[in-house]
2 protein chains.
Amino acid sequence: MKRSAATLKDVASAAGVSAMTVSKALRNAPGVSDKTRERVLAIAQNIGYETNVSASVLKTGRSGIIQIIVNEYDIPFYAKLIDVMSSAVVANGFTPFLQQTKYSKSTLQSTLSSSLFSGVLSDGVIAHASGLSGDLFEKIIHGKPAVLIDSCEEQPVVSSVVFPNEEGARAAVQYLAERGCRNIGLIGPSYLEKQDFLHSPSPMKLRMRGARAALLDLGLPYDESTVVAVEGMSEEHAIDSVHELVRNGRIPFDGLFCLNDSTAIGAIRALADHGIRVPEDVKVIGFDGVREGRFHVPSLTTINVDMDQLARLVMLSLKQQIDHEGDPLPATKTTIGFTLIERESTQTR
Amino acid sequence: MKRSAATLKDVASAAGVSAMTVSKALRNAPGVSDKTRERVLAIAQNIGYETNVSASVLKTGRSGIIQIIVNEYDIPFYAKLIDVMSSAVVANGFTPFLQQTKYSKSTLQSTLSSSLFSGVLSDGVIAHASGLSGDLFEKIIHGKPAVLIDSCEEQPVVSSVVFPNEEGARAAVQYLAERGCRNIGLIGPSYLEKQDFLHSPSPMKLRMRGARAALLDLGLPYDESTVVAVEGMSEEHAIDSVHELVRNGRIPFDGLFCLNDSTAIGAIRALADHGIRVPEDVKVIGFDGVREGRFHVPSLTTINVDMDQLARLVMLSLKQQIDHEGDPLPATKTTIGFTLIERESTQTR
DNA sequence: CTGAAAGCGCTAACAA
DNA sequence: TTGTTAGCGCTTTCAG
């Protein structure tokens, strides 16, 4: 029951060699004969030796830990994101360390700066969190390798991999139009006019911009009544907004592009409450491609973003930065691809 | 751009005191005058000092890190679990460290024993993972504070907090019967007879046992045809099994208790594929109370387990163990409560 | 209340 | 190939 773990020295004396030799043997470092290495490994295994990470981190300044920061775990989109990103981090030989900010900027800051993961303990950061400008981020992490996910700043200070927000939104609206929709509504943060898109772009603003552009190109209306404003991008928010909309008269749409899957799912749920059928009365398309969309009735048509590509690109950038510590690489910005997955919620038949 | 963080010494010389004084000041340890402390804090803040955790862990042997190990992140049940548990860990002043095993026993083992989080780096472990017997677990963690979630062993070696599997299942079946169901089907791993329940209980076995007992008590049939066997507890598995069932003739049930919410959601989805209506033709009830159940059409009636209570009890046990390091406490086993949440999937009307 | 000394366990650099 | 030395940054202990 002794929790005082075995140390290198213990292994060394048991093996009749020096601590240094054991250290090399265990790390597969050069400078140890195969015979010695094997023997050391066996003995280490035998006495249950585990390397003390604190010590080695203290010495080497490298932990192999990559922080992954998101807003929240229990949301389909983030559940998928942390799954994919953790797996990618592991596949690259690092250890992922997840944290959720619960949308709190102060939590984010303390998460990033203070306590456990300040200077040394993490070798890099991957973040998708609201209230996270590249400036702020850079000020906190001080040049530590980092990649932001879907940070839409025009002049990126920190490298980021972004979703195909505009393109995807365009495709969604065009698809609805092709399926015969002429009164297309949008569910998103709020109605925006041209000039509103100029400053501080955000993923949802960009999706709105893409949708707006598509509508105008198609000669379809885009005005205040086009947008069903939601206070947040969760199912609950969409349910509230749609309920309110219907309460003020029948909904005027035959197609609905929801700026993410959660609001799409909420919208379908709320429409059902009022006996409005999807897709017969209204066709609905979402954005993200969360796994839950497949299992709903009706199943959800969506703009599926390529998460595997996301993970690959993030890790690529991160590893480059880690390899180049000291001489900082310029920040990059890469956009990933998407596919439109057709399901029941937009069926014509 | 210097990534070489400020050290205690830097702060010390800037403040004109010794490193020791700074250390005490920053940790709120006794032995420093308020005046000195304030000055030190200000200076530390000013030059952006962050304590090097590796060093302090190395010295003190305590990291404040609690490992949380689950099978998988992108599953509604686990998404909820990690949210609740992380929050509880944080609320208790510790830092949660999440890991997913992807149901691999070897991943689990290496996760627990080798590499990063072996001996020192984590102060405790919370785990909900398959292939995780208490014995195995204990062998790996060697008396480190730990709590297993829903480990149903009769003679717990490690403390655990378990779900109300039997009671909840009983309540689910009774509820269906009260709603008029006479041909109640169960969706779960496989058909089990009395003797099958004796050995190596698992959560799903216990739910099956509770359901069986309820059926027999009610004088309703329980035989091989009662159970729709699934290969796993995800939506996909349930979809496959229900499809196969329907392919072999109309389904003989007017009520369906699915041993978790994911299979319930899958079942409803598959039934819809065949034009079978829920709840008109078949009433469906699930188990767990994942957030997604609310948003489905029909919304899902379920046995909602009290996750907040779970989190509280887990942390309580863990903290007791941490406080008692050295003289091990006896393993405990506590069952949490549940409520039946009525929604559309079992409506009568 | 403050500080000097020692060492946690490991590994980079060098010496043998 | 192996071993020795030194020190990462912090905190425990004990002396001032």
Side-chain angles (χ1 to χ4, degrees), chain A residues 2-41 43-44 47-64 114-123, chain B residues 2-41 43-44 47-64 114-123:
Chain A
K2 72 163 171 119
R3 284 263 337 270
S4 56
T7 72
L8 270 189
K9 271 187 193 156
D10 299 333
V11 181
S13 61
V17 293
S18 76
M20 201 55 236
T21 303
V22 178
S23 171
K24 285 178 192 157
L26 292 173
R27 285 176 296 135
N28 266 313
V32 187
S33 71
D34 286 355
K35 230 182 77 187
T36 310
R37 168 164 291 136
E38 267 178 50
R39 199 159 48 83
V40 168
L41 255 65
I43 291 175
I47 66 179
Y49 170 81
E50 298 292 350
T51 109
N52 181 321
V53 190
S54 321
S56 91
V57 171
L58 180 57
K59 184 67 189 173
T60 62
R62 276 230 178 326
S63 66
S114 88
S115 84
L116 234 104
F117 284 79
S118 50
V120 258
L121 243 186
S122 95
D123 292 348
Chain B
K2 77 165 165 109
R3 285 260 339 267
S4 55
T7 73
L8 272 190
K9 271 187 194 156
D10 299 334
V11 181
S13 61
V17 293
S18 77
M20 202 53 243
T21 302
V22 177
S23 170
K24 285 179 193 158
L26 291 173
R27 284 176 299 138
N28 266 312
V32 187
S33 70
D34 286 355
K35 229 182 78 186
T36 312
R37 168 164 292 137
E38 266 177 50
R39 199 159 47 84
V40 168
L41 255 64
I43 291 174
I47 66 178
Y49 171 81
E50 299 293 346
T51 108
N52 181 320
V53 189
S54 320
S56 90
V57 171
L58 179 58
K59 187 67 192 172
T60 62
R62 276 229 178 326
S63 65
S114 87
S115 85
L116 235 103
F117 283 79
S118 52
V120 260
L121 244 187
S122 97
D123 292 348

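Chain naming here is simple, since letters A, B, ... match the order of the sequence lines and numbering starts at 1 in each.
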Which distance, rounded to the nearest 0.5 Å, do you find between the [atom1] of [X] and the [atom2] of [Y]?
X      : Y       : atom1 : atom2 : result
R62(B) : S122(B) : CZ    : OG    : 11.0 Å
N52(A) : T7(A)   : CG    : OG1   : 9.5 Å
L41(A) : T36(A)  : CG    : OG1   : 11.5 Å
I47(A) : D10(A)  : CD1   : CG    : 5.5 Å

Which whole-number value in Å describes the distance from [X] [atom1] to [N] [atom2]?
X      : N       : atom1 : atom2 : result
L26(A) : dG9(C)  : CG    : C1'   : 13 Å
R62(A) : dA12(C) : CZ    : C1'   : 14 Å
L8(B)  : dA4(C)  : CG    : C1'   : 15 Å
N52(A) : dC8(C)  : CG    : C1'   : 8 Å
M20(A) : dC14(C) : CE    : P     : 14 Å
E38(B) : dC1(C)  : CD    : C1'   : 16 Å

Are [X] and [Y] close enough that some pair of their side-chain heavy atoms sits under 4.5 Å apart?
X       : Y      : value
L121(A) : S54(B) : yes
R37(B)  : N28(B) : yes
L8(A)   : Y49(A) : yes

Check: Ignoring hydrogens and angles, does a donor from either the side chain of K59(B) or the base of dG9(C) sit under 3.5 Å from an acceptor on the other?
Finding: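 Donor-acceptor pair under 3.5 Å: no.
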Checklist line | DNA chain D: 5'-most and 3'-most nucleotides touching chain B, 4.0 angstrom heavy-atom criterion | finding: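 Both ends considered, the range comes out as dG9(D) to dT12(D).
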Item checked: Phosphate OP1/OP2 of dT11(C) contacted by S23(A) side-chain N/O (<4.0 Å) ->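 It does, given that an N or O in the side chain of S23(A) lies less than 4.0 Å from OP1 or OP2 of dT11(C).
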Can you give me the closest heavy-atom contact between [X] and [Y], atom names plus distance?
X      : Y      : result
A12(A) : S18(A) : CB-C, 3.6 Å
V17(B) : R39(B) : CG1-NH2, 4.0 Å
V40(B) : A15(B) : CG2-CB, 4.5 Å

Checklist line | Degree of bending in the helix from dC1(C)-dG16(D) to dA16(C)-dT1(D) once both end axes are built from five pairs, to 10° | finding: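 Between the axes fitted at each end of the helix from dC1(C)-dG16(D) to dA16(C)-dT1(D) lies an angle of 30°.
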Note to self: Can you list, in residue-number order, the parts of residues 30-37 of chain A that come under 4.0 Å of DNA chain D, counting heavy atoms only?
What the structure shows: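 Result for residues 30-37 of chain A: G31(A), V32(A), S33(A), T36(A), sorted by number.
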Next item on the list: Identify, between K9(A) and T21(B), the residue whose nearest nucleotide on DNA chain C lies closer to the 5' end.
Entry: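 Taking each residue's closest nucleotide, the earlier one in sequence belongs to T21(B).
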Item checked: Closest to the L58(A) side chain, choosing from dT2(C), dG9(C), dA12(C) ->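 The closest nucleotide is dG9(C).
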Notebook entry, point to check: So, does S23(A) use its side chain to make a donor-acceptor pair with the main chain of A19(A) at under 3.5 Å?
Noted result: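 No, S23(A) side chain to A19(A) backbone: no donor-acceptor pair under 3.5 Å.
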